[in-house]
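Since this is a predicted model, take the numbers as computed values, not measurements.
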Amino acid sequence: MQPNSILAKAVRFALISGAATAALSAPAVYAADEDSVERIQVTGSRIKRTDMETATPVTVMSAEDMAKQGFTNIQDALESLTSTTSAMTTQSVHGFTPAASSISLRGAGANRTLTLINGKRLNQYPKPSGGTDNFVDTANLPMEAVQRIEVLQSGGSAIYGADAVGGVINIILKKDFEGVALKYRHGDTTNGGGGSDRIALSLGASSDRGNVSTFIEFTDNQQLKATDRENFGLHTDKVPYSPYSQYSSYGARIAGNGSGAHVLTAEECTAGGFFWDAARSICGFDRSEWRDLQPANSRFISSTNFNYELSDNISLVGRLDFAEAKSTTNIEPMAINDYDVTVDGSNVTVSAGDLSKTFTNKATALGGDFANATDGEYYYVRRLHEFGNRAGETKTRNYFFTAGLEGTLADEYSWDASVNYGRTNVDVFRSGYATVGGMFDYITAGENGNSLLKNMTAEDVESVAYSPFERAQSTQKNVQANISGMAFEMPAGDAQFAFGAEYTEQDYETNTDSESKKGAILTTGGSSGAGERSYWATYAEISLPVLDVLTVDAALRYDRYEDFGGNLSPQLTVEYRPLNELLVRGSISSVFRAPDMHRVYGDATKGFATVIDFKQCQALGGTPSEPNADPRINEICNELHIDSTTGANKDLEAETGYTANIGAVWGGDSLNASFDLWEWKLDDMVSDISASKAAREYEQYENMLTRDAEGTITHVNAVAQNLAFQKVRGLDITAGYTWDMDNMGDLKLNFNGTYILLSEYQLAPTDPVEDDIDNGGLPQYRANLVLGWYIDDFEATLGAYHTARMHGMQYKSFKASGGEDFDESAHEVASQTKWNLTAGYNITDAIKVKAGVVNLFDAGPNFDPTATSWPHYQRSVYNARGREWFLEGEVKF
């Protein structure tokens, strides 16, 4: 008996007996036997296989596929997936994370969609989405270094641990690049704004024993302003296609329960830089003229991969990534109503929180604004346009390092061990703000104070201006080891296994300036907090060829969190191949997910929201979402600005549930197709109630609302909580066909579609079950059709990307108040199809050119008839870039 054979049996015995209590593991490609085909690891399993199609559905996008369809970056490619139900992009200029991007697979949320590079976890973005949800930023991932992206469209907790409820995005990087390649791409939009440039340099050198590859990218994206999209009606607050759109009532006026205060005339209003809304006889403001649709940003990204054979059976492998980005966002100036004015006889008292000052002569106080006012409570409603845009500059730096060993043992087992470290730093600097105290000092300055109906001088602005800042950092340290190979022989073939363990430490800290911590900055909140978490896991997976045509896989993973205890996650999958071309597959797995760190350890997140106060609106005789001649009623029924707080909850429990899939795959010479029915469900799902939802469904959430003496909402307090459940079910269909046209080249047609059969949730066990599809904001299906023509050195690709018709975001509210005459079609968002056309030509083996038009027919974001505020479309589904063209050239040396 050969020494290797003896060693192999000893290793096999030790590993299989140890794997009985765990499940799964890791990387590289190896040849199983000299006479067998190469085995590769496919996302969704740690066992290396000879076939890309397994029991769990995986979509693969190669770097060539992404380039042919005209995608500029990884985020664009991921948004095109039909299984992507929503995306957070840099269009969200008003949010907590305007410089970051992410996607949600199958409606699970970005925080439940796992993103990996070469199978390794990435560090989480330190500023949580919405001030609550942790996620991985996809904006700074390297495009040029990518070989392919594998998307597991099924839960993977038993394979990868938490965060893999909706699916797994695994970005596979190029490994053995050689030579030098330089690529330049310039793009621009046909309607102006949003132009882009990208330069990419690839360097690689190899020896007999190893390779070093470096990929460097620099991108520069110009600002896209709302005024650049007049053709889509986004340049102004009042648009003809929305009966609910209107100019902001926060121009310049005095409101309150008294009468006789100064009212600006139309001439005074426009002279002050505001907008006179004749329909409501109000001094308003057009916010759109000041807003970005997409911020200006620049990014530098580098990724260096290395591998070196230390011996015939052991290699040193690793990667070093660095990315730096800068993004600048602009929105409209501050709008305030924070200063109360009380008129009592000849006394005028100005107050804000604990601050108060009384003037004894109302004829001269505050510029005489209250000289003729009756006794009562008043307040200024004012857009402080003298401060200019509220702007935010976000600087992001990402670091990632991994180093380890991988190799073969006893000629039969592939193993690896690695240490991994990631860190993300985010600095945010804002301008265009003032403190509550600073503005109070200005209003009450001197013997008589100042009128807020009059413009402030540049000197006044400078004296009270304040620039908030925030610094955030997150880190992740990880050690993992894995081994895989043949477990034992069976009559139908060799059983394969994978086994391993990992240990991870995570921490984050986000800190704001002292005034922001106190909530003392006008019209902006802050999200601060700090926390750390460690966990370990052990895992095993085994693949059993029960029959020549039937393979059963079982996986088991045990995760142990220091703050949430332990959990065992099993998975069972079945592959049945009655024909060489046909695979019938099924899987079911358990899901376990610890709550986001910010949900547990974060400080209360202070923010601002615009809501409709349904209760008070109806009490005052108004109609929600409809303009009203009375400024106060109009404000309450359309754009009530309130404070909001979202708090952490240290008593949260982990989310648990399951994912399941059953389907079939056909793979022939010309035709390939697949069909999968899938479902996932989470119990004790962690979430919070939005301010708009709490205001709309006030009977159920009255305990979250703070109202003033008149009954108007002033504050919404939402605390993270374990809700009852969410369940989503759907169908995935793919098909592809290739025509060989002899001298005319090849035609390839590919179709992908996802249809949501059910998406429902329940907030509490006693609440009704809600239907996401009926309530609105969720397209029920998406479909892509891509046609490629390849002849000699020329290629052309035409892609169609369809999003289905859907109910508007506020459909539920309109339906509830619509009565018997409610018109469903009048409250729906129309379907949309975007077309991309690209063409490329290889001039020589070393020179290639490409050109294309993205969104060929200039389709704009579809208007939502239920959206009562700008931009009147759902930014998680649509964007306003419009038609854009690009030219690209590549030279290899």
Looking only at heavy atoms, which two atoms of [X] and [Y] are closest? And how far apart?
X      : Y      : answer
Ala859 : Thr833 : CB-O, 4.3 Å
Asn118 : Ile172 : OD1-CA, 3.4 Å
Ile74  : Met143 : N-SD, 3.7 Å
Ser303 : Asp321 : OG-OD1, 2.7 Å
Ser831 : Arg805 : CB-N, 3.5 Å
Pro871 : Leu234 : O-CD2, 3.5 Å

Evaluate the side-chain proximity of [Y] to [X]: yes if any heavy-atom separation is below 4.5 Å, no if none is.
X      : Y      : result
Val786 : Gln69  : yes
Asn784 : His802 : no
Phe232 : Pro861 : yes
Trp739 : Leu749 : yes
Tyr878 : Thr803 : yes

Nearest 0.5 Å, please: how far is [atom2] in [Y] from [atom1] in [X]?
X      : Y      : atom1 : atom2 : answer
Lys812 : Lys693 : NZ    : NZ    : 4.5 Å
Glu888 : Arg185 : CD    : CZ    : 5.5 Å
Glu79  : Ser101 : CD    : OG    : 7.0 Å
Ile117 : Phe400 : CD1   : CZ    : 7.5 Å
Leu78  : Ser104 : CG    : OG    : 12.0 Å
Asn672 : Asn750 : CG    : CG    : 6.5 Å

Please determine whether the number of non-hydrogen atoms from other residues, nucleotides or ligands lying under 6.0 Å from atom [atom1] of [X] exceeds 12.
X      : atom1 : value
Gln147 : CD    : yes
Lys238 : NZ    : yes
Lys174 : NZ    : yes

Do [X] and [Y] have side-chain atoms, one donor and one acceptor, less than 3.5 Å apart?
X      : Y      : answer
Asn221 : Asn297 : yes
Asn191 : Thr189 : no
Thr424 : Asn398 : yes
Asp286 : Thr236 : yes
Arg198 : Thr219 : no
Asp220 : Ser298 : no
Gln75  : Thr138 : yes
Asn638 : Gln246 : yes
His186 : Asp197 : yes
Ser86  : Ser876 : no

_Could you check whether Glu639 pairs with Arg287 (Lys NZ or Arg NE/NH1/NH2 to Asp/Glu carboxylate O, under 4.0 Å)?_
yes
*Are any of the side-chain nitrogens in Lys815 or Asp774 under 4.0 Å away from the carboxylate oxygens of its partner?*
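Salt bridge between Lys815 and Asp774, a charged N being under 4.0 Å from a carboxylate O: yes.
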*side chain to side chain contact (heavy atoms under 4.5 Å, CB included) involving Ser759 - partner list, sequence neighbours excluded*: Gln726, Val728, Ile756, Asp772, Ile773, Leu778
_Residue list, side chain to side chain contact (heavy atoms under 4.5 Å, CB included) with Pro865, at least two apart or on another chain_ =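 Counting only residues at least two positions away or on another chain, Pro865 forms a side chain to side chain contact (heavy atoms under 4.5 Å, CB included) with Val829, Phe863.
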*So Val146 and Leu173, side chain to side chain contact (heavy atoms under 4.5 Å, CB included) or not? Walk me through it.*
CA-CA 4 Å; Val146 174; Leu173 303 182; 4.3 Å; yes
*Could you tell me which residues satisfy ring-ring contact (aromatic ring centres under 6.0 Å, His included) with Phe794, sequence neighbours excluded, listed by chain and number?*
Trp789
*For His807, enumerate each residue passing the ring-ring contact (aromatic ring centres under 6.0 Å, His included) test, keeping only those at least two apart in sequence or located in another chain.*
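Scan of His807 (ring-ring contact (aromatic ring centres under 6.0 Å, His included), adjacent residues dropped) gives Tyr811.
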Can any side-chain N or O of [X] pair as donor or acceptor with the backbone N or O of [Y] at less than 3.5 Å?
X      : Y      : value
Asp793 : Ile843 : no
Thr85  : Gly107 : yes
Asp864 : Glu828 : no
Ser83  : Leu105 : no
Thr190 : Glu884 : no
Gln223 : Gly193 : no
Asp292 : Pro295 : no
Arg229 : Ala880 : yes
Thr113 : Gly109 : yes
Arg148 : Val60  : no

*Would you please test His872 and Ser245 for side chain to side chain contact (heavy atoms under 4.5 Å, CB included) and show each step?*
CA-CA 8 Å; His872 306 290; Ser245 67; 3.4 Å; yes
*Are Phe300 and Phe218 an aromatic pair by the rule of ring centers under 6.0 Å?*
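Ring centroids of Phe300 and Phe218 are no less than 6.0 Å from each other.
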*Can you list every pair that meets salt bridge (charged side-chain N to carboxylate O under 4.0 Å, His left out) and has a residue in residues 834-854, with sequence neighbours left out?*
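For residues 834-854: Glu795-Lys848, Glu795-Lys850.
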*Evaluate the criterion salt bridge (charged side-chain N to carboxylate O under 4.0 Å, His left out) for residue pair Glu324 and Arg299; output intermediate values, then yes/no.*
CA-CA 6 Å; Glu324 186 171 45; Arg299 304 182 191 279; over 6 Å; no
*Dump the intermediate steps for side chain to side chain contact (heavy atoms under 4.5 Å, CB included) on Asp676 and Leu731, then the final yes or no.*
CA-CA 6 Å; Asp676 288 281; Leu731 293 172; over 6 Å; no
_Tell me whether the rings of Phe275 and Tyr247 are parallel (<30°), tilted (30 to 60°) or perpendicular (>60°)._
tilted
_Can you list everything that forms a salt bridge (Lys or Arg N to Asp or Glu O under 4.0 Å) with Glu393? Sequence neighbours excluded, please._
Lys326, Lys395
*For side chain to side chain contact (heavy atoms under 4.5 Å, CB included), just list the numbers for Leu152 and Asn170, CA-CA rounded to whole Å, side-chain angles, deciding distance to a tenth of an Å, and then say yes or no.*
CA-CA 8 Å; Leu152 172 66; Asn170 191 10; over 6 Å; no
